Amino acid sequence: MSKNTSDQTNFIQKIIDNDNASGKWDTRVHTRFPPEPNGYLHIGHAKSICLNFGLAEKNNGKCNLRFDDTNPVKEEEEFVQSIIEDVKWLGFDWEDRLFYASDYFNQMYEYAVQLIRDGRAFVCDQTADEIKDCRGTLTESGQESPYRNRSVDENLDLFQRMKDGEFNNGVKTLRARIDMSHSNLNMRDPVIYRILHAPHHRTGDTWCIYPMYDWAHGLEDSIERITHSICTLEFEDHRPLYDWYLDQLGVYHPQQIEFARLNLNFTVVSKRKLKQLVDENHVDGWDDPRMPTLSGLRRRGYTPESIRNFAEDVGITKRDSVIDVVRLENSLREELNKKAPRVLGVLNPLKVVITNYSDEKTEMLEAVNNPEDPQAGTRELPFSKELYIEQADFMEDPPKKYFRLGPGREVRLRYAYFVTCTHVIKDESGNVIEIHCTYDPETRGGNSPDGRKVKGTLHWVSVPHAIEAEVRLYDRLFLKEYPENGDSFVDALNPDSCKIHTNAKLEPCLANPENITYQFERMGYFKKDEKYSTNEKNVFIRSVSLRDSWARLMKQGANQQGV
RNA sequence: UGGGGCGUAGUAUAAUGGCAGUACACCUGGUUUUGGUCCAGGCAGUUGGGGUUCGAAUCCCUGCGCCCCAGCCA
């Protein structure tokens with residue numbers, strides 16, 4: 001799916017190509033990723049990160065990491081650290097260009113003074129409600145503030161006193177003098193500075209006035225000599241203001257370009273909603289393996305490579321769209337299929353006794369570590385008289401096309417022997433608790449010398465050699481394809497998004513697992529989770545299932561029966 | 001309905017006046033010691049109506065549909 005990614009193009013790259021051809025930026029490409037440190041990064045941010053850093057990489061340019069920390073009441077140092085970690089983890093390097101909007105507060109203040117001197121800004125005493133009431137509507141123009149025509153000197157004096165902390169929160173703002181009847185609401189004398197007596201995570205109590213996004217962002221871009229300032233579609237309406245500020249100031253003026261943010265079905269990607277999931281304990285923290293946060297995906301077993309491939313694969317346009325979450329899963333599968341070592345692990349054990357096998361004997365069988373990668377070599381698996389197989393791999397009365405074990409049926413145990421079910425043992429309530437089989441000694445390794453075929457191959461673990469583990473099967477967090485449609489996205493939560501198997505049995509090589517994702521053959525890709533694991537027991541979580549055409553067949557059958 | 005955007009198979013994404021292509025999904029079949037992987041084949045599309053042109057997804061006109069904007073958030 002991700003082939004040809006290196007030469008994939010998009011409309012922004014075309015703009016860059018044109019700029020390079022015309023010499024607009026002296027063939028310079030300088031982008032930035034400008035998160036506000038008010039939450040954790042998620043898969044949507046990954047698209048933007050890959051875009052900005054990717055464009056810089058492809059065009060021999062640079063990309064800054066810049067924290068847009070202009071609102072002290074929402075921002076925290078904790079988020080700064082997690083964002084740094086996440087961007088680094090994705091594999092991008094901003095070298096020495098880690099910046100903060102707050103580093104430019106002095107300069108922004110000076111620029112505001114310049115705007116006042118030029119008569120393009122004024123200190124306004126209207127309350128927030130009054131400003132709102134005067135803004136007008138989508139179809140009616142607004143009314144000018146009574147403070148709009150204050151003298152430059154008075155504005156200068158008032159602005160200075162705002163800065164000096166003479167006024168309480170909200171009693172004054174600095175506003176641009178543009179046009180209260182502008183058809184673009186953003187141009188109706190927007191607020192430039194507001195008073196916020198709140199400590200800032202970096203500047204402490206140095207400031208009590210803070211710049212608004214529109215004022216700050218363009219200046220940040222300008223100061224850093226950004227060429228292409230890439231943001232999401234909802235800022236398209238802000239571009240005239242971005243341009244107006246920089247034009248009025250007569251400073252270096254980057255080009256703002258908007259693209260469509262990432263949407264995924266069966267997922268919510270919005271800081272506010274993700275926060276709600278955490279706060280209401282629907283999930284186990286921001287890094288819960290079901291969360292679309294980068295920390296959640298990382299913990300789930302997603303690799304930076306798979307996320308970067310995904311981001312490249314979905315492309316960049318200006319169209320609102322919803323990407324099938326299956327594509328994210330596929331990008332992980334694609335990588336893990338090539339790299340993950342194969343092991344055998346039974347999630348729901350069912351005991352099997354090989355009646356014609358010696359009580360004391362243990363033999364070591366050779367198993368391939370990764371059929372996709374011969375370099376990965378082989379390992380030895382212990383085999384003995386008593387084994388575990390998956391409960392789902394035995395049916396007393398199997399339907400047609402069921403290739404697994406049933407009374408009188410013969411199957412192959414992976415890398416071991418052909419076995420035939422001879423006897424079924426049940427408890428008082430009729431549940432199958434053990435099955436007896438015979439094995440064919442001639443089929444050691446999994447092939448029969450007489451050329452006899454079996455349809456099914458089962459994974460298994462030797463009882464005396466089994467490693468105990470807990471395995472968590474995660475499924476999508478939401479049942480509805482578009483969880484945000486309808487009353488509450490919380491109602492769309494999948495009650496079975498985490499199934500815990502406390503009695504899993506794993507082959508011995510998993511006693512001390514590496515910090516990598518394994519493929520449990522026929523079951524999916526699993527990774528040991530450091531948070532849930534204890535000294536007594538390892539906990540594995542499923543990163544993603546294998547494609548399962550049998551499950552699909554069963555589901556279709558169920559649907560056809562109207563179940 | 002003021003302004004700003006966007007309309008190409010089920011979902012995404014190419015083609016910028018010259019054969020509508022690719023991926024995922026779906027369906028067939030083949031290979032297979034993972035019902036995995038891999039391979040082959042198939043289904044399926046330009047928002048409607050006009051116009052310009054030898055030729056239109058592309059240019060023009062005109063409808064229709066969807067998204068965004070009335071924070072002292074970003």
Side-chain angles (χ1 to χ4, degrees), chain A residues 1-4 8-10 14 34-36 38 68 70-71 73-75 124 126-129 131-133 135-142 169-175 181-188 190-196 209-210 212-214 216-217 231-240 258 260 265 271 313-324 326-327 330-331 333-334 337-338 342 344 367-368 371-372 401-404 412-416 418 443 445-447 453-459 519-524 545-554:
Chain A
M1 64 190 282
S2 61
K3 41 185 176 282
N4 300 328
Q8 257 205 27
T9 188
N10 58 57
K14 280 173 193 162
E36 182 188 17
N38 69 344
D68 207 357
T70 57
N71 186 348
V73 304
K74 291 193 173 183
E75 295 149 10
C124 183
Q126 284 188 311
T127 64
D129 282 344
I131 290 180
K132 188 180 175 185
D133 291 342
R135 189 158 8 239
T137 68
L138 295 179
T139 50
E140 302 159 40
S141 53
N169 286 358
V171 310
K172 283 183 166 47
T173 56
L174 182 73
R175 298 175 67 182
S181 58
H182 200 110
S183 53
N184 180 338
L185 269 34
N186 294 126
M187 301 296 274
R188 322 245 258 227
V191 172
I192 301 175
Y193 272 93
R194 77 285 216 187
I195 298 171
L196 245 31
I209 57 171
Y210 291 91
M212 296 289 292
Y213 167 85
D214 291 296
H217 204 90
C231 60
T232 43
L233 251 27
E234 67 271 26
F235 291 102
E236 213 146 19
D237 282 342
H238 294 244
R239 177 153 34 93
E258 309 84 13
N265 59 4
K271 269 185 203 170
D313 186 47
V314 299
I316 302 294
T317 65
K318 298 191 68 147
R319 282 176 233 161
D320 287 312
S321 62
V322 181
I323 305 293
D324 193 337
V326 165
R327 290 173 65 175
N330 281 348
S331 113
R333 289 191 181 106
E334 183 182 38
N337 176 52
K338 283 181 266 177
R342 271 59 168 174
L344 302 187
V368 173
E372 304 299 313
K401 292 187 188 169
Y402 184 84
F403 300 156
R404 286 112 97 147
R412 171 168 41 235
L413 296 178
R414 181 84 157 147
Y415 298 126
F418 285 11
T443 58
N447 282 307
K453 300 287 184 198
V454 289
K455 293 283 261 184
T457 300
L458 310 188
H459 60 282
Q519 185 192 106
F520 290 9
E521 292 205 32
R522 304 209 303 136
M523 303 307 289
S545 67
L546 254 22
R547 278 203 191 80
D548 189 346
S549 52
W550 169 245
R552 206 190 312 147
L553 240 186
M554 294 304 285

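The structure presented is a predicted model; accordingly, all values stated were derived computationally and were not measured. Side chains included, hydrogens not; waters and symmetry mates left out as well; all remaining heavy atoms used. Quick note on labels: first sequence line is chain A, next is B, and so on, each numbered from 1.
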- Message: Given B/rU11, B/rG71, B/rC72, identify the nucleotide with an atom nearest to the side chain of A/A128.
- Response: B/rC72
- Query: Does a nitrogen or oxygen in the side chain of A/R135 sit under 4.0 Å from OP1 or OP2 of B/rG71?
  - Reply: yes
- Between A/D129 and A/Q519, which is nearer to the 5' end of RNA chain B once each is assigned its nearest nucleotide? A/Q519
Collect all protein-nucleotide pairs involving nucleotides 1-3 of chain B in which both atoms are nitrogen or oxygen and the distance is under 3.5 Å.
residue : atom : partner : partner atom : Å
B/rG2   : N9   : A/L138  : O            : 3.2
B/rG2   : N3   : A/L138  : O            : 3.2
B/rG3   : N2   : A/D237  : OD1          : 3.2
B/rG3   : N2   : A/D237  : OD2          : 2.8

- Message: Tell me every residue that passes salt bridge (Lys or Arg N to Asp or Glu O under 4.0 Å) with A/E372, counting only those two or more places apart in sequence or in another chain.
- Response: none
- Task: Write down the distance between OH (A/Y213) and P (B/rG71), rounded to a whole number of angstrom.
- Result: 18 Å
- Message: My understanding is that only residues two or more places apart in sequence, or in another chain, count here; which of them pass salt bridge (Lys or Arg N to Asp or Glu O under 4.0 Å) with A/R404?
- Response: A/D393
- Message: Hydrogens and angles aside, do A/R327 and A/N330 bring a side-chain donor and acceptor to less than 3.5 Å of each other?
- Response: no
- Task: Report yes if a side-chain nitrogen or oxygen of A/N337 is closer than 4.0 Å to either non-bridging phosphate oxygen (OP1 or OP2) of B/rC38; otherwise report no.
- Result: no
- Heavy atoms under 4.0 Å, any strand shown: does A/T137 hit a base, just sugar-phosphate, or nothing? base
- Look at the side chain of A/E372 and the base of B/rG36, then say whether one donor and one acceptor between them are separated by less than 3.5 Å. yes
- Message: Within the 4.0 Å heavy-atom criterion, would you say A/T173 contacts the bases, only the backbone, or no part of the nucleic acid?
- Response: base
- Message: Students often get this wrong, so: under 4.0 angstrom with heavy atoms, is A/P35 touching a base, only sugar-phosphate, or nothing?
- Response: nothing
- Message: Just to be sure I understand the rule, does A/H182 reach a base, reach only the sugar-phosphate, or reach nothing, if contact means heavy atoms closer than 4.0 Å?
- Response: nothing
- Task: With syn defined as a glycosidic angle within 90° of 0 and anti as everything else, classify B/rG71.
- Result: syn
- Item | A/R194 vs B/rA74: side-chain N/O to OP1/OP2 distance below 4.0 Å | yes
- Task: For the side chain of A/H238, starting at C-beta, report the closest nucleotide among B/rA25, B/rA74, B/rA12.
- Result: B/rA74
- Message: Main chain of A/T457, side chain of A/R522: is a donor-acceptor contact present, judged purely on distance under 3.5 Å?
- Response: yes
- For A/N447, which residues count as a side-chain contact (heavy atoms from CB on, under 4.5 Å) partner, sequence neighbours excluded? A/R412
- Message: Considering every strand and a 4.0 Å limit on heavy-atom distances, what is the contact class for A/Y193: base, sugar-phosphate, or nothing?
- Response: nothing
- Message: Please report the distance separating the P of B/rC24 from the corresponding atom of B/rG65, rounded so that it comes out in whole Å.
- Response: 35 Å
- Query: So, does A/N184 use its side chain to make a donor-acceptor pair with the main chain of A/D237 at under 3.5 Å?
  - Reply: yes
- Task: In whole angstrom, give the distance that lies between atom CG of A/D548 and atom C1' of B/rA25.
- Result: 16 Å
- Query: Any side-chain N or O of A/R552 less than 4.0 Å from the OP1 or OP2 oxygen of B/rC26?
  - Reply: yes
- Message: Starting the side chain at C-beta, find the nucleotide from B/rU11, B/rC73, B/rU34 nearest to A/P371.
- Response: B/rU34
- Value in whole Å for how far the P atom of B/rA74 lies from CG of A/N71: 5 Å
- Query: Contact class for A/E75 vs. all strands (heavy atom < 4.0 Å): base, sugar-phosphate, or nothing?
  - Reply: nothing
- Message: Measuring only the C1' atom in each nucleotide, how far is B/rC60 from B/rU53? A whole number of Å is fine.
- Response: 12 Å
- Would you please name every residue forming a ring-ring contact (aromatic ring centres under 6.0 Å, His included) with A/F520, sequence neighbours left out? A/F526, A/F540
- Query: NA contact type, A/E236, heavy-atom cut-off 4.0 Å: base, sugar-phosphate, or nothing?
  - Reply: sugar-phosphate
- Query: How is A/D214 classified with respect to the nucleic acid when contacts are heavy atoms under 4.0 Å: base, sugar-phosphate, or nothing?
  - Reply: nothing
- Task: With heavy atoms under 4.0 Å as the rule, sort A/L458 into base, sugar-phosphate or nothing.
- Result: nothing
- Note on the structure: Residues passing the salt bridge (Lys or Arg N to Asp or Glu O under 4.0 Å) test with A/E521, sequence neighbours excluded, are A/R414
Pairs under 3.5 angstrom, nitrogen or oxygen only, protein versus nucleotides 14-18 of chain B, please.
residue : atom : partner : partner atom : Å
B/rA15  : OP1  : A/K14   : NZ           : 2.5
B/rA15  : OP2  : A/K14   : NZ           : 3.3

- Query: Within the structure shown, what part of the strands sits under 4.0 Å from A/F235 by heavy-atom distance: base, sugar-phosphate, or nothing?
  - Reply: base
- Task: Spell out, as yes or no, whether a donor-acceptor pair under 3.5 Å connects the side chain of A/T173 to the backbone of A/V191.
- Result: no
- Toss me the dot-bracket line for RNA chain B: Watson-Crick and G-U wobble, both under 3.5 Å, 5' to 3', using | for pairs to another strand and [ ] for crossers. .((((((..((((....[..)))).(((((.......)))))....(((((..]....))))))))))).....
- Whole-Å distance between B/rG36 P and A/N330 CG? 14 Å
- Would you mind classifying the nucleic acid contact of A/R188 as base, sugar-phosphate or nothing, using non-hydrogen atoms under 4.0 angstrom? nothing
- Item | Stacking check A/W550 vs B/rG35 (5.5 Å / 30 deg) | yes
- Under 4.0 Å between any heavy atoms, over every strand shown, what does A/K401 touch: base, sugar-phosphate, or nothing? Just pick one. base
- Reported CG-to-CZ distance for the pair A/N337 and A/R547, which is rounded to 0.5 angstrom: 9.0 Å
- With respect to the phosphate group of B/rU34, does any side-chain polar atom (N or O) of A/R342 fall under 4.0 Å of OP1 or OP2? no
- Item | Partner residues of A/H238 under the ring-ring contact (aromatic ring centres under 6.0 Å, His included) criterion, sequence neighbours left out | A/F235
- Task: Would you indicate what A/M523 reaches in the nucleic acid, counting non-hydrogen atoms under 4.0 angstrom: base, sugar-phosphate, or nothing?
- Result: nothing
- Value in whole Å for how far the P atom of B/rU37 lies from CZ of A/R414: 14 Å
- Item | Results of salt bridge (Lys or Arg N to Asp or Glu O under 4.0 Å) for A/K132 - residues two or more places apart only | none
- Message: I want to verify a distance call: between B/rA74, B/rA23, B/rC24, whose nearest atom is closest to the A/D313 side chain?
- Response: B/rA23
- So CG of A/N71 and CG of A/L196: to nearest 0.5 Å the spacing works out to 6.0 Å
- Item | Backbone of A/H182 reached by a side-chain donor or acceptor of A/R188 within 3.5 Å | yes
- Options B/rG5, B/rC72, B/rU34, nucleotide nearest the side-chain atoms of A/K318: B/rG5
- Item | Separation of B/rA23 P from A/D324 CG (nearest whole Å) | 17 Å
- Message: What's A/V322 touching, base or sugar-phosphate or nothing? Going by heavy atoms closer than 4.0 Å.
- Response: sugar-phosphate
- A/D68: what forms a side-chain contact (heavy atoms from CB on, under 4.5 Å) with it, not counting sequence neighbours? A/T70, A/A101, A/Y213, A/H217, A/E220
- Note on the structure: Sequence neighbours excluded, the answer for side-chain contact (heavy atoms from CB on, under 4.5 Å) partners of A/T137 is A/T139, A/E140
- Test for a donor-acceptor pair under 3.5 Å between the base of B/rG36 and the side chain of A/R333, counting only N and O atoms. no
- Note on the structure: Assert: residue with more 5' nearest nucleotide on RNA chain B, out of A/T443 and A/L196, is A/T443
